[in-house]
Amino acid sequence: MKNLVVFASGSGSNMEVLARYFADSLLATVSAVVCNKPGAGVIERAGKLGIPVVMVNRQQLYVDSKLPEILHPLRPDLIILAGFLWLIPENVIKDYSGRIINIHPALLPSYGGKGMFGMNVHKAVIEAGEQYSGISIHQVNEHYDEGELLFQQALRLHPGETPESLAERIHELEHYYFPRVVEAFLNGKRLSPTPAK
Ligand code: GAR
């Protein structure tokens, strides 16, 4: 059984979808959540699912380099960033090379990088008059949103699309594909995208 450790600091809807998807699986389980934001919705969701939450702060990550020590007892086979907005320190990227993945709510390499998260992304996509957006799931390296792409799924923007409606449609795509992409990745496979709707 593989341990999935989910890093999240938002509402935690993707963490919950992953936890529920793998709840009856013999392949993997969401064994812990790492969170940097006191009061984040993900903490309550994890509590309801009986998943332990480890809180981390900037001092531990970037000054004292404590993240490897914090992660060691959690024994992660795969680290999954699901709405975690801080850069993963280089020592952790090295320790877990090829075993850290992130989900991003746009079609990378467009609309990625520092500050590009959540509604900021959807507002930028709509302001630019794009016809498509989508989701990207990729390996994590020491730069924001630049690791090797594992999967992308596009959607076509509707007439009159707003950042809010786009956010909802993107979340739907994420909730469907993220667990399936993780499952395929754990099995050494890749999932194929479907035509944009
Ligand atoms: C997701 O939409 C994810 O793609 C995004 O944060 C949201 C978290 O939602 N991540 C980024 O923007 C990373 N740059 P959730 O807390 O409901 O899972």
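Counting starts at 1 for both ligands and their atoms, in listed order. Note that this is a predicted model, so its numbers are computed, not measured.
Near Glu174, with a cut-off below 4.0 Å to any heavy atom, the atoms of ligand 1 are 1 (C), 2 (O), 3 (C), 4 (O). Close contacts between ligand 1 and Met116 involve ligand atoms 14 (N) [criterion: under 4.0 Å to a heavy atom]. Of all the atoms in ligand 1, the ones that sit under 4.0 Å from a non-hydrogen atom of Gly10 are 16 (O). Shown in contact with Gly118 at under 4.0 Å from a heavy atom are these atoms of ligand 1, numbered in order with element: 12 (O). Listed by atom number, the atoms of ligand 1 under 4.0 Å from His171 heavy atoms are 2 (O), 9 (O), 15 (P), 17 (O).
Asp77 approaches Arg99 most closely through the heavy-atom pair O-CD, 3.2 Å. Between Tyr132 and Val125, the closest heavy-atom pair is O-CG1, 4.3 Å. When all heavy atoms of Glu148 and Arg190 are compared, the pair lying nearest together is OE2-NH2, 3.0 Å.
Using a distance-only test at 3.5 Å, with no hydrogens or angles considered, a donor-acceptor pair links the side chain of Ser25 to the main chain of Leu27. Proximity of a side-chain donor or acceptor of Ser136 to a complementary backbone N or O of Gln152 within less than 3.5 Å is not detected. Distance alone, capped at 3.5 Å, is enough to place a donor-acceptor pair between the Arg169 side chain and the Arg156 backbone. Counting only distance, with no hydrogens or angles, the side chain of Glu161 and the backbone of His158 share a donor-acceptor pair below 3.5 Å.
Counting protein heavy atoms only, atom 5 (C) of ligand 1 is closest to Pro105 CD, 3.9 Å. Looking only at heavy atoms of the protein, atom 8 (C) of ligand 1 is closest to Gly83 CA, 3.7 Å. Annotation: atom 10 (N) of ligand 1 to nearest protein heavy atom, Ile103 O, 3.7 Å. Looking from atom 17 (O) of ligand 1 to the surrounding protein, the closest heavy atom is Ser13 OG, 2.6 Å. For atom 16 (O) of ligand 1, the nearest non-hydrogen atom of the protein is Gly12 N, 2.8 Å.
Under the 4.0 Å criterion applied to side-chain N and carboxylate O atoms, Arg20 and Glu16 are assigned as salt-bridge partners.
Heavy-atom separations between Ala8 and ligand 1 are all 4.0 Å or longer. Contact analysis leaves Val121 out of contact with ligand 1, as no non-hydrogen atom separation drops below 4.0 angstrom.
In this comparison of Leu85, Leu18, Leu108, Leu81, the heavy atom closest to atom 13 (C) of ligand 1 sits on Leu85.
Between Asn14 and ligand 1, at least one pair of N/O atoms sits closer than 3.5 Å.
Applying the side-chain contact (heavy atoms from CB on, under 4.5 Å) test to Thr194 and every residue at least two apart in sequence or in another chain returns Gln153, Tyr177.
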